[in-house]
Protein chains: 2
Amino acid sequence: MNAARRSPAITPDASLRADDGSPARRGRLVQQEEDVFMRIQEAILDHRLPPGTQLKEVPLSEVFGVTRGMLRKVLTRLANTKLVEQRPNRGAVVASPSVEESRDLFAARRAIEGAIVDILSKRITRAQVKTLRRMIADEHQAYARGELRSGLKQSIDFHRVLAEMAGNSVLAEFLEELVTRTPLVILAYKDHKAREPGCDTDDHGAIVDALEAGDAATAARVMHEHLAELESQLNLREDHGSTDLAAIFSV
Amino acid sequence: MNAARRSPAITPDASLRADDGSPARRGRLVQQEEDVFMRIQEAILDHRLPPGTQLKEVPLSEVFGVTRGMLRKVLTRLANTKLVEQRPNRGAVVASPSVEESRDLFAARRAIEGAIVDILSKRITRAQVKTLRRMIADEHQAYARGELRSGLKQSIDFHRVLAEMAGNSVLAEFLEELVTRTPLVILAYKDHKAREPGCDTDDHGAIVDALEAGDAATAARVMHEHLAELESQLNLREDHGSTDLAAIFSV
DNA sequence: CACACATCGATTGTCAACAATGTTAATCCG
DNA sequence: CGGATTAACATTGTTGACAATCGATGTGTG
């Protein structure tokens with residue numbers, strides 16, 4: 001079910017090195033695992049490790065200075081969140097989300113975030129509104145200064161915080177996974193002819209307005225539109241998925 | 001965040017044995033892992049391994065005739081679906097869902113299954129309606145014959161199939177997790193004074209009716225009510241969670 | 001020359017011994 | 001005798017060596 005965009009089997013030595021070779025290890029082996037997990041995750045989400053890249057265990061473990069077993073655990077964790085795909089006996093590769101999967105992801109986000117704002121509209125506090133408003137202001141500032149990357153990160157955090165505030169840990173965890181997967185989908189399918197995808201409208205502000213007013217229906221509607229717009233900025237036409245030989249050789 | 005209902009550290013030798021000691025192993029080591037996974041999962045969902053039970057690696061691996069490493073992987077997988085809790089350096093125990101977690105779970109199911117019926121109402125086929133109707137009939141028969149366990153299992157399958165039919169793999173996977181966790185919650189919190197919780201109303205039929213009619217709103221509403229009723233049959237009052245000493249010693 | 005088959009190197013998967021940590025029980029003061 | 005300290009044990013966590021598998025390359029044959 002994965003888009004068959006296969007990148008060459010990069011051995012990413014130069015790409016994401018930098019580990020203190022110092023053997024200053026305490027009981028923080030778990031810390032170390034977390035660190036490796038985050039580093040690889042970030043590399044994937046930045047497309048420093050593009051979809052399809054083979055993640056070989058030995059080179060990677062050497063780069064990070066951890067044992068192969070540890071790295072293996074990290075790869076499994078990344079597979080759990082669908083950022084990498086583990087093929088039995090054939091190693092792990094960076095996931096290539098298919099169009100269908102990407103659409104499903106956005107549909108799922110609509111469902112879950114719709115529920116989140118619905119819940120939140122009934123229990124949001126003054127302080128929370130204030131926090132959200134400040135986040136939006138910061139976000140706008142970042143965009144205004146042209147700091148696209150920072151702005152995007154803050155946009156994402158807005159959605160995360162919304163989920164936390166709703167106080168439903170189950171939904172929050174699900175959304176966390178979806179929000180993490182979103183950048184991979186965006187980078188994989190962003191339409192180069194269109195403008196940079198992102199939450200640089202004022203939908204966030206409108207959502208907070210509705211939440212403050214306790215207007216669940218409006219909040220949900222704006223959230224839906226917001227996500228639909230984000231999705232619409234992507235180039236999610238079918239083909240991609242099935243290596244279309246005819247098209248490739250322009251027959 | 002877990003209900004502190006701690007059961008004695010059962011070493012479940014007699015409880016779930018039975019493994020072919022025959023060394024008829026082929027390349028099916030992964031099969032074996034799946035088998036152990038399912039066996040433990042079923043034991044948990046049946047409350048043969050009640051919440052709080054310690055799952056020690058050596059005894060369990062011996063019972064199933066697998067290596068400790070294999071069992072360890074299984075425990076991690078079970079922890080991923082929240083059926084067991086892994087405490088660093090202190091082993092794994094069967095999860096004790098808290099009241100809050102249980103409520104969140106039902107709220108999440110409402111959100112996700114609401115979205116599922118909404119999607120499905122727009123694309124359901126004749127054949128699918130027929131399949132669902134047959135499932136409902138079978139389910140009713142089971143209940144009518146007093147086969148409670150079978151009926152419950154079929155009720156659950158109904159929800160699963162609905163998710164599959166909607167064709168959104170992301171939502172389907174989320175729901176799969178929630179549906180799996182539900183029996184644990186039910187068994188942990190079922191109100192012994194009330195009647196056996198389950199889907200033995202005809203809500204399922206009403207949902208299919210609405211789906212067939214393409215009436216998304218009604219389908220979603222009935223689904224909501226259906227889940228709300230199931231939740232209401234549980235004894236989800238606060239306390240449970242924080243070992244209430246005063247109550248225990250009736251001070 | 002195309003295709004099936006065998007061999008070799010590279011890579012992943014498994015295991016059993018070892019290390020680290022937590023838990024329990026005994027011991028030693030105060 | 002209560003409470004802390006420490007020693008012995010039980011349990012989990014990690015590692016490096018070994019085994020199984022895959023993919024590529026080369027070879028033989030119709």
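Just so it is clear: chains get the letters A, B, ... in the order the sequence lines come, proteins before strands, and each one is counted from 1.
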Residue pair B:N235, B:R237: steps toward the side chain to side chain donor-acceptor pair (under 3.5 Å) verdict: CA-CA 6 Å; B:N235 182 6; B:R237 263 166 264 119; 3.0 Å; yes
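- Rounded to a whole Å, the CG atom of B:L75 is 13 Å from the C1' atom of D:dG13.
- Each of C:dA16, D:dT12, C:dT12 was ranked by its minimum atom distance to the side chain of B:T67; first place goes to C:dA16.
- By the 4.5 Å heavy-atom criterion applied to side chains, A:E113 and A:L175 are counted as neighbours.
- Contact annotation: B:R90 side-chain N/O to D:dT11 OP1/OP2 distance is not under 4.0 Å.
- Under a 4.0 Å N-O distance rule, the pair B:D35/B:R39 qualifies as a salt bridge.
- The shortest side-chain heavy-atom distance between A:I116 and A:N168 does not fall under the 4.5 Å cut-off.
- Residue-level contact check: B:G69 touches neither bases nor backbone, having no heavy atom under 4.0 Å from any strand.
- As a whole-Å value, the separation of B:M70 CE from D:dA19 C1' is 14 Å.
- When each of D:dT12, C:dG13, D:dG16 is scored by its nearest atom to the side-chain atoms of A:N89, the top-ranked nucleotide is C:dG13.
- The base of C:dG13 lies close enough to the side chain of A:R68 for a donor and an acceptor atom to sit less than 3.5 Å apart.
- Here the P atom of nucleotide D:dC22 and the CD atom of A:E57 are 15 Å apart, to the nearest Å.
- Atoms CZ (A:R87) and P (C:dT11) sit 13 Å apart, rounded to a whole Å.
- Rounded to an integer number of Å, the gap from B:L55 CG to D:dT11 P is 13 Å.
- Residue B:Q32 contributes atom CD, which lies 10 Å from atom P of C:dT14 at whole-angstrom precision.
- If you measure from atom CD of A:Q54 to atom C1' of D:dG23, you get 10 Å, rounded to the nearest angstrom.
- A donor-acceptor pair shorter than 3.5 Å cannot be found between the side chains of A:T81 and A:R181.
- Straight-line distance from the CZ atom of A:R72 to the P atom of D:dG16: 15 Å, rounded to whole Å.
- Annotation: of the two residues near DNA chain D, A:P88 and A:K73, the 5′-most nearest-nucleotide partner is A:K73.
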